[in-house]
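Working notes, structure below.
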Number of protein chains: 2
Amino acid sequence: MTKLTTAPLTTEQLFAQLELAIHEHRLTPGTKLGEDEIASIYSVSRTTVRSALQALSLQRLVEHKRNRGAYVAQPTLREAREVFEARALLEPRTAHSAAERTTAEDIAKLQVHIDAEHEAMAAGNHGRALYLSGQFHIEIARIADQSTIEAFITQLISRSSLIVALYWQRRTAMCESHAHDALVSALADQDGPRADELMRNHLLDLVTSLDLRNKTSAPLSLKDALAQ
Amino acid sequence: MTKLTTAPLTTEQLFAQLELAIHEHRLTPGTKLGEDEIASIYSVSRTTVRSALQALSLQRLVEHKRNRGAYVAQPTLREAREVFEARALLEPRTAHSAAERTTAEDIAKLQVHIDAEHEAMAAGNHGRALYLSGQFHIEIARIADQSTIEAFITQLISRSSLIVALYWQRRTAMCESHAHDALVSALADQDGPRADELMRNHLLDLVTSLDLRNKTSAPLSLKDALAQ
DNA sequence: GTTTTCAAGATTGTGTACAATTTTGCGCAC
DNA sequence: GTGCGCAAAATTGTACACAATCTTGAAAAC
């Protein structure tokens, strides 16, 4: 997108490009990620592509089928529930910690972030809005100053993006960052318990806006349905 | 060790070998992991070695310094605290869930595990005992049937092994798997709250058996001290 | 007409070679 | 004698080439 230089991408840069594309739903679950294809698109060698794909695989963003290639991951219903259970375990407490050490700069940063979210929404760029919405949660983890938990949450956010792509029921207005506004308010007041509670409810809202009920089977990619 | 076949190792196998060596403290924090060196030891190409090292790096078991090579990670005091805070957040609840769905087979498996721990301790094989002690926690996460959280705990256990290597104060008897016995008992009774409590205390005991107090600086590797 | 088999094509997994960067050792100046 | 600088050696990062495995298509047998 914003890549105008002809300098060859490094592994980390390619990783970031692919990660962003997945976050913004330009790459949807089940999409095959052919190594030669990506290599030619970005003008890098397959070695670099493989390295980036392995990293994405360890973050559970792509699934590696032995001798069959890499595909954008398709979290099952079970995995989807697991991801949100893990988030429910980690994020409220993290928001609590974050509130207790929020600085004025943090608030300013979050406000800018939320403005960008609103802007993306207004522009109808749902992919961008979703990405920013996720980054908001990561930002809170960063404020909590817990890099280990932040890394976990980052992974969970990424996977949540895949889950949204698969199980979002369109009738609900997903990214109403109303909840984010309230969270910033709680953080500004350094009100740990309120931030905890708000985050807990926010996650519950997220889950209910998804359709995680048992379906007999939900093969969203024709290709995959035929493969079996 | 038990590698008698001349078949070339695959990436995952090499990863497992190195991971185990780190868990068992045969590789200690700060050790340089030269690519050519490992490649010749295991008779594989550097490609395979790099792949395994990248995977270990993403699990935070090795640190990759750009153009300077891979080293067995040296968690800082701060990281050490973070790891155990994350464990305190994840494991008690996971033990709670596990207790509610423990089967007879699970108990049998855990009992075998504990016996192996005792045996390794009796044999004075502390590395092995430490490894098994970690596996016990992972096994509980597996019983809880939460693969996502299990993956997180697995990583935290691995890093805990590094932390023990760095910050264990020898005067305490580390791996007294007394606590493990009690946990198995709680699981056998399907007593969730008790398992939760036991796990919480067990983790507290672990932390206090480490020396995570602030030191002005704790450069455990001469090399690293000189490098700065 | 359907099923099975086999070969050709395509794609991934691994090994090797080259380029870039860093480290290191010696020499020289001060 | 100490400090700086440059060149040689070593090590990592990337690109390329080959081997192994899987998919695909058609042809032949039933």
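All values below were derived from every heavy atom in this structure, side-chain atoms included, with hydrogens, water molecules and symmetry-related copies excluded. Naming convention: chains lettered A, B, ... in sequence-line order (proteins, then strands); numbering from 1 in each chain. Please read these numbers as outputs of a predicted model, since none were measured by experiment.
- The two atoms that bring B:Q59 and B:S158 nearest to each other are OE1-OG, 4.3 Å, heavy atoms only.
- Judged by distance alone, the side chains of B:S51 and A:Q54 do bring a donor and an acceptor atom under 3.5 Å apart.
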Next on the checklist: Output one letter per nucleotide in nucleotides 6-20 of chain C: B when a protein non-hydrogen atom lies under 4.0 Å from the base, S when only the sugar-phosphate is that close, - when neither is.
Outcome noted: ------BBBBB----
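- Residues A:L27 and A:L33 meet the side-chain proximity criterion, which asks for heavy atoms closer than 4.5 Å.
- Rounded to whole angstrom, the span from the CD atom of B:E63 across to the P atom of D:dT12 amounts to 16 Å.
- When side chains are defined from C-beta on, B:L183 counts as touching B:M199, because their heavy atoms get closer than 4.5 Å.
- Aromatic ring centres of B:H180 and B:H113 lie farther apart than the 6.0 Å criterion allows.
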